[in-house]
Amino acid sequence: MKITWNWLLEYVDVSDLTPQEVAQKMTNAGIPVEHMQRLVEGVDQVVVGEVVAVTAHPSADRLRVCTVDVGGNEHLTIVCGAQNVQAGQRVPVALVGATLPGMKIGKSTLRGVISEGMICSVAELGLDPHVFPKEQTTGIFVLPKDAPIGQDINRYLGLDDLVMELELTPNRSDCLSLRGVAYEVAALFERTVHMPMPILQTPTIAPKPLAVQVVTEKCTGYAGQVVDDLELGPSPMWMQMRLVAVGMRPINNLVDITNYVMFEWGQPLHAFDYQAIHEQQIVVRQAQAGEQLITLDGQLRTLSAEMTVIADPMRALGLAGVMGGENSEVTANTTSVVLESALFDPLQTRRTGRVLQLRSEAGLRFEKGLDASVVTAALARAADLMVQYAGGRIASAPVVTGAALQKPTGTKVAVRPARVWQLLGFHIPLDEMLNVCARLQFPAKIEEDRLVIDVPLRRPDIKIEEDMIEEFARLIGYDRIPATMIEGPLTAGKLTKDQHLRRVLSDHLISVGLQEVVTYTFISREDLNRIRVSSEDGWSQSIELLHPLSDEHHILRTTLLPSLLEVAKMNVNRRQLDLRLFELGRVYLPKQLPLTEQPEERLLLAGLLMGRRNPEHPFRSVRTFDFYDAKGLVESVLGRIGAVSKVTFERSTAPFFHPGQSADMYLEGMLCGRVGRLHFNVESAYDLADAFYFEVDVQILAHVAQDELYVAELPRFPGVLRDLALVVDRDLPVANLLQTVREVAGEDLVTISVFDVYTGKGIDAGHKSVALRLFFRSLSRTLTDEEMETTINRVLAHVNSVHGAVLRE
Amino acid sequence: MIWGDSVKERLLKLQMQALAALEEVQGLEELEAWRVGYLGKKGELSSVLRAMGTLDATERPLVGQIANDVRINLEQAHKKQKEALQMVALQKREAQEKIDITLPGRMQWLGAAHPLHKVIRRIEDIFLGFGFTIAEGPEVELDYYNFEALNLPKDHPARDMQDTFYITEEILMRTHTSPVQARTLQARYPELPIRIIVPGRVYRRDDDDATHSHAFMQIEGLVVDRGVRMSDLKGMLLEFAREMFGQNQEIRLRPSFFPFTEPSAELDILCIYCGGSGCRTCKHTGFIEILGCGMVHPNVLEMQGYDARELSGFAFGMGVERIAMLMYRVEDIRQFYQNDVRLLEQFSTLAR
């Protein structure tokens with residue numbers, strides 16, 4: 001919402017204060033003044049002049065030589081290139097030495113003729129040509145005939161007026177008018193508002209008939225009046241410039257007056273061409289489904305029964321509260337109008353505007369709800385302005401109908417002073433509360449232990465006690481609220497087990513060198529295609545947004561992989577080739593599609609590794625990540641929460657993995673994650689190479705995460721190491737071999753580690769040598785060589801019978 | 001006498017000889033040979049002492065004394081020489097093992113938390129210290145919790161469809177973390193006090209640009225109890241601002257509007273760039289806005305069955321990205337979601 005300083009001063013006298021002081025206080029009271037600047041900055045020594053004569057330029061076809069009267073003793077000679085310049089026009093003239101936005105005017109010679117200044121266009125004056133009528137923006141700016149010659153253009157056009165842009169919160173629709181802002185400013189500075197209610201006038205000429213029939217409950221009040229003898233033309237320059245300043249385009253005197261009054265009183269008005277109304281009868285009704293109307297913007301609109309129309313007995317004339325119809329538009333031939341000031345249902349107006357995608361200043365005000373007490377005042381004000389500035393005469397008695405307009409009254413709000421003190425935390429004397437009510441011009445009286453306040457209709461945001469408490473705090477100043485600490489029992493600030501686990505997991509990955517990332521949760525079907533997810537895969541069961549912003553972000557992710565791949569791709573494009581990324585993020589798994597209930601949101605820990613596995617150093621070989629690095633990292637995560645021995649790895653069939661280098665992880669029979677090298681086609685879809693991905697389901701890990709520990713007794717007897725190199729079938733999974741060893745190694749076996757896997761020279765084709773290191777230790781005695789011999793022989797015999805394993809020669 | 005003198009002389013001569021030889025010894029091996037040669041069981045000293053047997057009883061103690069002195073002298077000299085030689089050997093080894101200590105160490109990669117999570121954890125920790133717990137809720141939320149339970153009935157102008165990603169008519173992407181307020185009030189009823197902090201992702205139908213993102217993070221707080229005052233809100237947020245932005249922070253409340261609080265306020269802190277003297281960031285006001293807050297609207301409490309005449313509460317919420325942008329001077333909100341590792345890796349050096 002924009003207002004101007006001079007406009008505001010018409011209703012509330014704060015001229016003893018600076019605009020900055022007023023803006024500051026408004027901002028601190030919850031009506032933030034976002035911007036404040038002159039309508040146009042940097043115009044100097046530009047005055048109103050009259051073009052006395054126009055002659056052809058002796059040596060340039062496109063230039064004219066104008067004689068211009070700027071009120072001085074001598075006329076000026078000014079060369080002008082605009083085609084619309086004519087003798088008798090009043091125009092803005094930049095004198096020699098004048099400044100315009102981005103320009104300085106000196107005496108110049110144009111094709112041999114000396115020019116003593118410049119006749120200015122709208123744009124040259126620093127005004128936005130888009131908000132001016134087209135005829136005023138082609139060529140020079142032609143001013144009205146009554147523009148006083150010699151007057152400074154800043155003063156004449158109000159270019160030096162300050163435009164204040166208010167950032168209103170949705171509740172303060174009262175400030176969508178100068179009137180509302182004036183009451184607010186008056187309350188802040190303890191002033192009075194000068195804004196008498198205009199009164200509806202009776203006809204001054206032979207009355208024309210007008211009947212109004214409201215047959216829908218979506219219109220709670222309607223006031224209309226005929227104004228005749230109108231002369232369509234431009235509205236007065238000051239009015240045009242005020243509309244320009246607040247962002248409205250001046251159109252003609254009739255339309256400008258309705259807009260001006262809307263800004264002044266907050267009540268949208270509409271003018272119908274009286275000639276267009278059949279039987280001089282206005283009917284306010286719900287539209288018929290499928291009924292059509294061409295609106296003022298030239299669009300054919302198909303209406304529904306959830307819309308209200310203003311009609312005559314034959315047809316719709318306009319969409320109530322949203323936009324007028326072309327069939328009843330004010331045109332150059334209009335001499336008589338019906339002025340309308342009405343109350344339409346806010347919700348329905350809002351829906352209609354939304355469905356038809358029509359947003360207007362009028363619609364904005366209807367949506368928020370209007371002040372029923374100014375409906376007729378606004379009508380009277382507009383009629384009066386039409387008489388004053390459009391030659392009109394009141395040509396009918398006002399027609400006022402609707403329950404809302406019968407004695408409109410505001411709300412009563414009861415306030416308990418004790419509650420005010422309790423809620424704010426400090427004591428406000430009763431007198432001060434009454435004073436706030438007086439400043440707001442809310443009548444208030446004390447009834448027993450409470451304050452009963454009559455809130456006028458102009459403040460629909462104040463409905464309950466707490467609303468009034470805010471008004472007290474706001475006008476006394478939030479600065480008066482002291483700073484205290486909450487009272488009551490102490491409570492323990494603590495994390496839940498799951499929250500703890502998340503911190504442990506991410507801290508662990510960070511400490512082993514991974515970089516945490518945060519990515520968007522919206523992806524696209526195309527992303528799923530790129531990771532080779534087909535319609536049979538669970539990942540394809542994704543939730544779709546009704547109105548996505550773009551094709552790249554239209555479904556909710558079911559896996560973190562595409563997000564991490566995007567990050568990797570972007571970094572690789574920027575020559576960052578060593579990536580160790582992880583994200584702790586949710587995926588969204590619908591229970592059924594289309595969605596009938598909230599989906600399951602599962603928290604996954606996912607990571608992507610590529611490039612060098614450690615920083616280079618002269619005394620360390622650098623190699624790139626491989627499957628075992630990725631698996632080791634996942635095992636370290638599991639190890640960190642005491643779950644590593646509970647997880648088994650099986651070959652994965654996930655479509656995005658290299659089938660030979662990927663594993664699914666099972667925890668107590670439940671799929672809890674996966675790790676592997678990405679499929680070549682996935683890598684190439686993202687221009688990556690040798691990338692490894694892992695993900696684990698944090699919720700499943702939470703079930704087994706170890707959160708208690710009793711230390712094991714330290715061994716008192718030495719252990720024994722035995723190394724075995726076993727030759728087995730090349731395809732035998734080492735895990736199986738280890739399992740077989742464990743079966744017969746006895747309870748003294750503490751650990752088995754695999755320290756070498758070898759194929760090649762010395763080993764038969766189709767076989768491999770697996771070197772195992774077995775560590776035995778007993779808690780009760782020192783193990784003897786004989787015992788060990790027996791155990792090792794038992795192991796060798798067993799692995800031989802199960803896997804055909806033999807000791808390497 | 002003669003024999004005695006002669007043994008004594010031999011001993012002293014031996015001592016002189018041995019000490020001279022010791023001077024010449026090079027290295028620990030030669031030293032050992034010297035020790036065996038002079039002090040060993042079959043060494044020179046032993047053989048001289050064997051001659052003691054030929055002395056007469058009167059001379060024996062005296063010569064014995066001398067012999068013992070010689071042994072002690074030689075042993076001490078040996079010990080001293082041994083230490084000297086060991087030192088030399090050690091120094092030689094040390095010299096050989098000398099490396100260029102200016103070469104960089106063998107580092108592991110350093111990881112880092114994402115800046116948004118760093119900010120969230122810091123805020124969480126401050127409020128954990130105040131006795132709050134952390135509450136969370138679904139991002140795919142019901143219209144009821146996201147709007148209706150927060151005093152935003154259907155068709156309320158403040159819930160414009162433009163701003164919300166709907167999935168069905170009743171299911172949507174939450175537009176703020178506030179539905180967790182309603183959920184917590186509902187789940188904990190009638191247990192008091194409620195003191196929670198709620199971090200999480202939220203979604204708005206905004207085109208992405210330098211200051212807007214269709215997805216961002218909020219962190220929000222809620223306190224409900226008997227006798228909770230707006231001054232408590234102010235006091236707690238002042239403590240928070242000081243913990244977060246420095247002990248000399250000051251706060252300012254300005255009236256504002258949220259459908260789920262009344263009275264409502266915006267909270268400004270002293271500009272963290274200029275400290276309040278005025279700069280471009282704070283538009284020369286000395287203050288910057290960091291969060292919205294207010295007293296819980298009675299409708300919000302009553303919808304979950306609480307008696308709003310008896311109880312009261314306050315709530316506050318802030319955009320994590322905004323805080324992170326201010327704290328770390330990030331210019332473009334999209335950088336948090338782009339994840340350029342050259343930006344993220346900088347956080348591995350942040351020691352808090």
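Below, read A as the first sequence line, B as the second, and so on, with proteins coming before strands; counting in each chain starts at 1. As the structure is a computational prediction, the values presented were derived from the model and not from experiment.
Of the two parts of B:R226, neither the backbone nor the side chain holds a non-hydrogen atom closer than 4.5 Å to a non-hydrogen atom of chain A. Residue contact with chain A, scored on non-hydrogen atoms closer than 4.5 Å, involves the side chain of B:E239 exclusively. B:A308 touches chain A through its backbone: at least one of N, CA, C or O sits under 4.5 Å from a heavy atom, while the side chain does not. In this structure, chain A has heavy atoms under 4.5 Å from both the backbone and the side chain of B:P138. There is no contact between B:F347 and chain A, counting heavy-atom distances below 4.5 Å. Both the backbone and the side chain of B:M236 come within contact range of chain A, with heavy atoms under 4.5 Å apart. Contact of B:S264 with chain A is made through backbone and side chain together, with heavy-atom distances under 4.5 Å. Proximity to chain A is limited to the backbone of B:F336, based on heavy atoms less than 4.5 angstrom apart. For B:F258, no part sits under 4.5 Å from any heavy atom of chain A, backbone or side chain. In this structure, chain A has a heavy atom under 4.5 Å from the side chain of B:D208, while its backbone stays farther away. When heavy atoms are compared at a cutoff of 4.5 Å, B:D225 approaches chain A solely by way of its side chain, counted from C-beta outward.
The main-chain N or O of A:I481 is never found under 3.5 Å from a side-chain atom of B:S231 such that the two would form a donor-acceptor pair. A distance-only check finds a donor-acceptor pair linking the side chain of A:N571 to the backbone of B:V341 [under 3.5 Å]. Judged by distance alone, the side chain of B:R205 and the main-chain N or O of A:H547 form a donor-acceptor pair under 3.5 Å. B:D340 places no side-chain N or O within 3.5 Å of a backbone atom of A:M570 that could act as its donor or acceptor partner.
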What pairs of donor and acceptor atoms, side-chain ones from residues 101-113 of chain B against any protein atom, are under 3.5 angstrom apart with sequence neighbours left out?
from, atom 1, to, atom 2, distance (Å)
B:T102, OG1, B:D100, OD1, 2.4
B:T102, OG1, B:D100, OD2, 3.2
B:R106, NE, A:F619, O, 3.3
B:R106, NH2, A:F619, O, 2.8
B:W109, NE1, A:R612, O, 3.3
B:W109, NE1, A:R613, O, 3.2

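The distance from the NE2 atom of B:H297 to the CD1 atom of A:I464 is 4.0 Å, given to the nearest 0.5 Å.
Relative orientation of the A:F522 and B:F165 rings is perpendicular, given thresholds of 30° and 60° on the angle between their planes.
Within a 6.0 Å sphere centred on CD of A:E34, heavy atoms belonging to other residues, nucleotides or ligands number more than 12.
Within the structure, salt bridge (Lys or Arg N to Asp or Glu O under 4.0 Å) contacts touching residues 121-138 of chain B (residues at least two apart or in different chains) are A:R502-B:E136, A:R503-B:E124, A:R503-B:D125, A:D507-B:R121.
Most heavy-atom pairs under 4.5 Å with chain A: of the set B:L142, B:L238, B:L116, this distinction falls to B:L142. Comparing B:P115, B:P263, B:S256 by heavy-atom pairs within less than 4.5 Å of chain A, the highest count is held by B:P263.
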